[in-house]
Amino acid sequence: PTPLAQATVPELAAGAVPADAAIVDMRPRGAFAAGHIPGSIGIEYGDQVGVWAGWLLPFDQPIVLVADHGQDVAEAVAQFGRIGFDHVVGVMYDVAAWAELNGPLATYKQESARDLAARIASGEEVQVVDVRAPNEWEASRVDGSLWRYVPDLRDGMPDGLDPDRAVHLICRTGNRATIASSLVLQEGFTPVVVAEGGVAEVLAELSAG
């Protein structure tokens, strides 16, 4: 296969990449939280990158990947191709250079399941949104949490949230909560992602406390 072109920051600025291209950032979740291109979607590299892109992006939208050197970009492109997304137009490795030309990167905080459990146990009023699948939500949940499956966040946030307070996102392992952070930011809310552990670990901490 033809190697994927590297999309440089000047090319992006000059319009060489389609203006309607989606930016999919597949770097590790910690790197995405620490600084990413505003409006990009963080889907940490793994065997579900293409699946989640298919859930979240318009069919056959042009895609620019953001990756770390050493990540298997060719495998990610193959995953996109298997769901009919054949317009991966380039890969960019330098978000710092993008920021130098375009302004600050978007960021958000991460926490562990233990951190969230401690907040809840202390009596802090915490806004928690569970982004797992419907069957997972029905099986167990954190008391007081709201539910919105990741793909459904494209249609907006759950009712009853205060936009002036952080929204703590939780799933099973942190992967889907990271994906959800992109959509929550686009809705104007401030996410805090449970990036280590998930609902089971929070419930275990609360039971043990």
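Since we're looking at a predicted model, the values are computed, not measured. Residue numbers run from 1 in the order of the sequence given.
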Within the side chain of [X], is there an N or O that forms a donor-acceptor pair under 3.5 Å with the backbone of [Y]?
X: Thr107; Y: Ala33; value: no
X: Asp72; Y: Glu75; value: yes
X: Glu138; Y: Asn135; value: no
X: Glu205; Y: Val202; value: no
X: Ser40; Y: His36; value: no
X: Gln110; Y: Val194; value: no
X: Trp55; Y: Gly50; value: no
X: Ser122; Y: Arg119; value: yes

Heavy-atom closest contact ([X] atom, [Y] atom, distance):
X: Trp98; Y: Pro104; result: CZ3-O, 4.2 Å
X: Phe80; Y: Ala53; result: CE2-CB, 3.1 Å
X: Gln61; Y: Pro58; result: OE1-CD, 3.0 Å
X: Pro158; Y: Leu153; result: CD-CD2, 4.5 Å
X: Ala99; Y: Leu105; result: CB-CG, 3.8 Å

Output the distance between atom [atom1] ([X]) and atom [atom2] ([Y]), rounded to the nearest 0.5 Å.
X: Ser145; Y: Arg132; atom1: OG; atom2: CZ; result: 7.5 Å
X: His69; Y: Asp94; atom1: NE2; atom2: CG; result: 7.5 Å
X: Cys171; Y: Trp137; atom1: SG; atom2: CH2; result: 14.0 Å
X: Leu65; Y: Ile23; atom1: CG; atom2: CD1; result: 10.5 Å

For the residue pair Glu111 and His168, confirm or rule out a side-chain donor-acceptor distance under 3.5 Å. yes

With a 4.5 Å heavy-atom cut-off, do [X] and [Y] have their side chains touching?
X: Trp147; Y: Val129; answer: no
X: Tyr108; Y: Thr190; answer: no
X: Gln127; Y: Leu146; answer: no
X: Ile37; Y: Phe32; answer: no
X: Ser140; Y: Val199; answer: yes
X: Ile63; Y: Phe85; answer: yes
X: Gln71; Y: Met26; answer: yes
X: Leu56; Y: Arg154; answer: yes

Could you tell me whether Glu196 and Arg114 have a side-chain N and a carboxylate O separated by less than 4.0 Å?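 Answer for the salt bridge query: no.
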
Go through the steps for Tyr149 and Val131 under the test side-chain contact (heavy atoms from CB on, under 4.5 Å), then give the verdict. CA-CA 4 Å; Tyr149 189 33; Val131 299; 5.9 Å; no

Step by step, would you call Asn175 with Thr178 a side-chain hydrogen bond (donor to acceptor under 3.5 Å, both in side chains)? CA-CA 5 Å; Asn175 184 53; Thr178 297; 5.9 Å; no

Residues Val24, Val66; criterion side-chain contact (heavy atoms from CB on, under 4.5 Å); working and verdict: CA-CA 6 Å; Val24 175; Val66 176; over 6 Å; no

Flag if over 12 foreign heavy atoms under 6.0 Å of CG, Asp159: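 For Asp159, atom CG is not crowded (no more than 12 foreign heavy atoms under 6.0 Å).
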
Around Glu124, counting heavy atoms of other residues, nucleotides and ligands shown, do more than 12 lie under 6.0 Å from its CD?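 Atom CD in Glu124 is crowded, with more than 12 foreign heavy atoms closer than 6.0 Å.
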
Is there a continuous path of hydrophobic side-chain contacts, each under 4.5 Å between heavy atoms, that joins [X] to [Y]?
X: Val192; Y: Leu185; result: no
X: Leu203; Y: Leu169; result: no
X: Met157; Y: Val142; result: no
X: Val126; Y: Val193; result: no

Just jot down the salt bridge (charged side-chain N to carboxylate O under 4.0 Å, His left out) partners of Glu100, sequence neighbours excluded, or say none. none

Check side-chain hydrogen bond (donor to acceptor under 3.5 Å, both in side chains) between Arg148 and all other residues, then give those that pass, not counting sequence neighbours.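 Arg148: no side-chain hydrogen bond (donor to acceptor under 3.5 Å, both in side chains) contacts found.
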
Quick one: do Val128 and Ile170 satisfy side-chain contact (heavy atoms from CB on, under 4.5 Å)? Show the steps, please. CA-CA 7 Å; Val128 179; Ile170 192 167; 3.8 Å; yes

Criterion side-chain contact (heavy atoms from CB on, under 4.5 Å) on Val95 and Arg27, from CA distance to verdict: CA-CA 11 Å; Val95 294; Arg27 296 175 299 152; 3.8 Å; yes

Check each of Ile120, Leu116, Asp143 against Leu206 using the side chain to side chain contact (heavy atoms under 4.5 Å, CB included) test, and report the only one that passes.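 Of Ile120, Leu116, Asp143, side chain to side chain contact (heavy atoms under 4.5 Å, CB included) with Leu206 is met by Ile120 alone.
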
Of all pairs that satisfy salt bridge (charged side-chain N to carboxylate O under 4.0 Å, His left out), the ones with a partner from residues 165-193, not counting sequence neighbours: Glu136-Arg176

